[in-house]
Amino acid sequence: MADKSNKPHKLKARLPRGLTDRGPAEIAATRQMVEAIRTVFERYGFEPVETPAIEYTDALGKFLPDQDRPNEGVFSFQDDDEQWLSLRYDLTAPLARYVAERIGTEHLVLPYRSYRFGWVFRNEKPGPGRFRQFLQFDADTVGAPTMAADAEMCMLAADTMEALGIPRGSYVVKVNNRKVLDGVLEVIGLGGDENAGKRLTVLRAIDKLDRLGSLGVKQLLGEGRKDESGDFTKGAGLDAEQIDIVLGFLEIDVAHNPSAALLPRDNPALANMKGGILYRVPPAISNSERFGVALQESEVIRAGIGELDQIRFLVESSGYGADRIETNFAVVRGLEYYTGPVYEVELTFEINDEKGRPVRFGSVGGGGRYDGLVSRFRGEPVPATGFSIGVSRLQAALTALGKLGSKAEPGPVVVTVFDKDRVADYQKMVASLRAANIRAELYLGNPKNIGNQLKYADKRSSPCVVIQGGDEKARGEVMIKDLILGAGLTAIKDRDEYLKKQAEAQFAVKQDALVEAVRKLLARHNIKTS
RNA sequence: GCAGGCGUAGCUCAGUUGGUUAGAGCGCUGGUCUGUGGAACCAGAGGUCGGUGGUUCAAGUCCACCCGCCUGUACCA
């Protein structure tokens, strides 16, 4: 028993769930993505701004810690003055706080266009590609009520996807307007405060269209739905006609000719449509005795479609067709603060995971108009619209797609230790390489044989090693071995060919030509020197 | 949160109706190896069998609870 106390309960090295460590390949991939996004955002005229990861909880929005569920959704804690603080869960609310503090001063010019990226935190169940700490990249325009600001967000989203190497056709920016859905719900009798809960249930059901299909949504709008594990989700309890109308709206194909969805009330061609505004509406809507006329005359729906039409016109004018930016009445987006147009970027390709199962990445970014968010801090209305990219999720998708990060970055040049007594000489060689901006390191392990040192360099993905044994030293030379060339040698069967390549892969140069020779070797393999 | 499935070495997995000191492959470390990377051979390290409690003469194996992971679902700014 006594000897066991040597290692009593070994501390288990472990990471809290939903969090992840990131190695060189992932970090390099993230850098590359952030750089691509930043370039596009700056091209659009947005300027950088940074806010801290911690804010007062009440500034972040609705998630106030309460007794029952103190940390639901958001990580919160109390300051020593007992005020509640939280880790930010998005970048929009902190921006609203930032703007509200500066609006009307010389430190903020309206319309204010800014971008920022950083870690955000959500205390919720993690899943594949879903973490409790993840990177977001946002752009926002504050103080511009015009739809031109929204159209710009959509074009920005499309340009960013392409800058990230996602080909046109493999993504789509979907645009909807919260006013359209709000109008529909109002007309079918779900207006008013007393129906707020039901409206939420309906919107949630609509949001699941791409995942559950129209049958699943139909069930959720009605009685409810049972999933494959037997769990039952209670539905919104709409009647058949209400359900038909909601589904009918979702199915209207507005993507490719949205302008046609809005026709002026006084268009003579519409005489037979009772002065309505919707064109090509499904029978469920036009035939509805109860709601048909009201739907077609709804001012809210008309306003919403009018805004969508403006966005459509603006992006089309700039050359962005429906292959990149489409109007889609099924997009819901956040339930909380959006007040007008909402956008969502979806990846449209499917890929399989390592077990061959299809993985949907779905939405990798989104945003919308939130005219109420800044005004929470101020009496006056402040229009704002923004767009946000989930960098972490997008990175997971791009990695799975093979666009990112699978290949190791080239390592440093390794100077081997041949003669233990001459470490200083080798260190000097390293220093001369470093002085020439070449990544280089001395082998710091046990130098008892050269083979191990080559193995090490190989594992580091070093482009080459430098060797100087007694023979080279006597001739005033160093040996350079090209590991990248050498890597292919074992595959070569032909002896002459092998010897030729071998000679290319390993060569001696005068000691004072070391730096130049290494530089040439790196250039041959397209490795940047700093 | 709810439902279901799964937890044995760093990884992938064996482990009999409950029965002695829990195994294999890969990986890792060292050696053969003071002149050359992916090889070969040899040796070694590494396990509270996810945790705690219970049943039993005896638990990796049976039971309960907890934790973690996976799938679905709910919530999601």
Side-chain angles (χ1 to χ4, degrees), chain A residues 4 7-10 12-18 57 59-64 68-69 72-74 86-94 96 120-128 130 132 136 138 200-201 203-205 207-208 211-212 216 220 224-234 332-338 353 355 357 359 363 366-368 370 373 386 388 390 414 416-421 445-462 464-473 479-491 502 505-506:
Chain A
K4 275 190 181 170
K7 41 175 192 177
H9 287 296
K10 244 186 318 186
K12 191 166 182 182
R14 63 200 186 115
L15 189 64
R17 67 189 175 135
T57 301
L60 290 180
K62 64 162 188 168
F63 282 100
L64 297 169
D68 300 334
R69 318 172 97 182
E72 184 69 9
V74 52
S86 294
L87 289 174
R88 62 186 176 192
Y89 51 79
D90 68 13
L91 297 177
T92 310
V120 302
F121 306 84
R122 293 184 189 180
N123 190 7
E124 61 190 2
K125 183 189 161 186
R130 228 177 128 159
R132 295 205 291 178
Q136 278 199 338
D138 274 39
L200 271 185
T201 308
L203 289 176
R204 281 176 192 138
D207 199 27
K208 297 181 175 69
R211 193 153 49 83
L212 302 180
L220 285 174
R225 174 179 178 272
K226 197 182 276 191
D227 71 38
E228 54 201 68
S229 73
D231 204 20
F232 185 74
T233 308
K234 196 171 182 312
V332 176
R333 217 42 211 170
L335 307 170
E336 277 307 303
Y337 54 61
Y338 292 121
D353 65 11
K355 287 172 187 162
R357 290 176 304 210
V359 182
S363 168
Y370 50 96
L373 208 52
S388 167
V414 172
T416 59
V417 176
F418 195 91
D419 181 346
K420 286 193 265 293
D421 298 331
N446 182 352
K448 70 179 171 314
N449 66 41
I450 229 53
N452 282 356
Q453 305 191 43
L454 288 173
K455 267 189 212 170
Y456 168 82
D458 183 46
K459 285 174 191 162
R460 292 292 315 269
S461 306
S462 297
C464 67
V465 296
V466 176
I467 303 168
Q468 190 186 52
D471 300 348
E472 290 84 7
K473 171 73 176 165
M479 184 76 82
I480 297 173
K481 186 177 170 76
D482 185 329
L483 295 180
I484 298 173
L485 271 186
L489 290 184
T490 49
Q502 170 83 359
Q506 182 168 340

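Naming convention: chains lettered A, B, ... in sequence-line order (proteins, then strands); numbering from 1 in each chain. Nothing here was measured: the structure is a model prediction, and the numbers come from that model.
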Distance check needed: B:U34 P versus A:I467 CD1, whole Å only. 16 Å
Could you tell me the separation between the CZ atom of A:F121 and the C1' atom of B:C76, rounded to a whole number of Å? 17 Å
B:U73 C1' sits how many Å from A:L220 CG, rounded? 11 Å
Minimum-distance pair of heavy atoms, taken over all atoms of A:K125 and A:R130: O-NE, 4.3 Å
Could you tell me how far B:C49 sits from B:G15 if I compare only their C1' atoms? Round to whole Å. 10 Å
Closest listed nucleotide, where the reference is the side chain of A:D471 and the choices are B:G37, B:G35, B:G1: B:G35
Given Watson-Crick or G-U pairs with both distances under 3.5 Å, what dot-bracket string fits RNA chain B, with | for other-strand pairs and [ ] for crossing? (((((((..((((.....[...)))).(((((.......))))).....(((((..]....))))))))))))....
Tell me: CG of A:D207 to P of B:A77, nearest whole Å? 8 Å
Smallest heavy-atom separation, A:D90 atom then A:A93 atom, equals OD1-N, 3.2 Å
Work out which heavy atom in A:G486 is nearest to a heavy atom in A:A505; give both atom names and the distance. N-CB, 4.0 Å
Integer angstrom distance from the P of B:G60 to that of B:C66: 23 Å
Short side-chain N/O contact to B:C76 OP1/OP2 from A:R204, under 4.0 Å: yes
Sugar-phosphate atoms are those with a prime plus P, OP1 and OP2; base atoms are the rest. Using that split, label each nucleotide of nucleotides 25-32 of chain B B, S or - for protein heavy atoms under 4.0 Å, 5' to 3'. ---S--S-
Less than 4.0 angstrom between a side-chain N/O of A:K234 and OP1 or OP2 of B:C75, yes or no? no
Please give the distance between the P atoms of B:U17 and B:U56 as a whole number of Å. 23 Å
Validation row: A:I480, A:Q506 side chains within 4.5 angstrom (heavy atoms): no
Whole-Å P distance, B:C11 and B:G51: 15 Å
N/O (side chain, A:R211) to phosphate O (OP1/OP2, B:U73) under 4.0 Å: yes
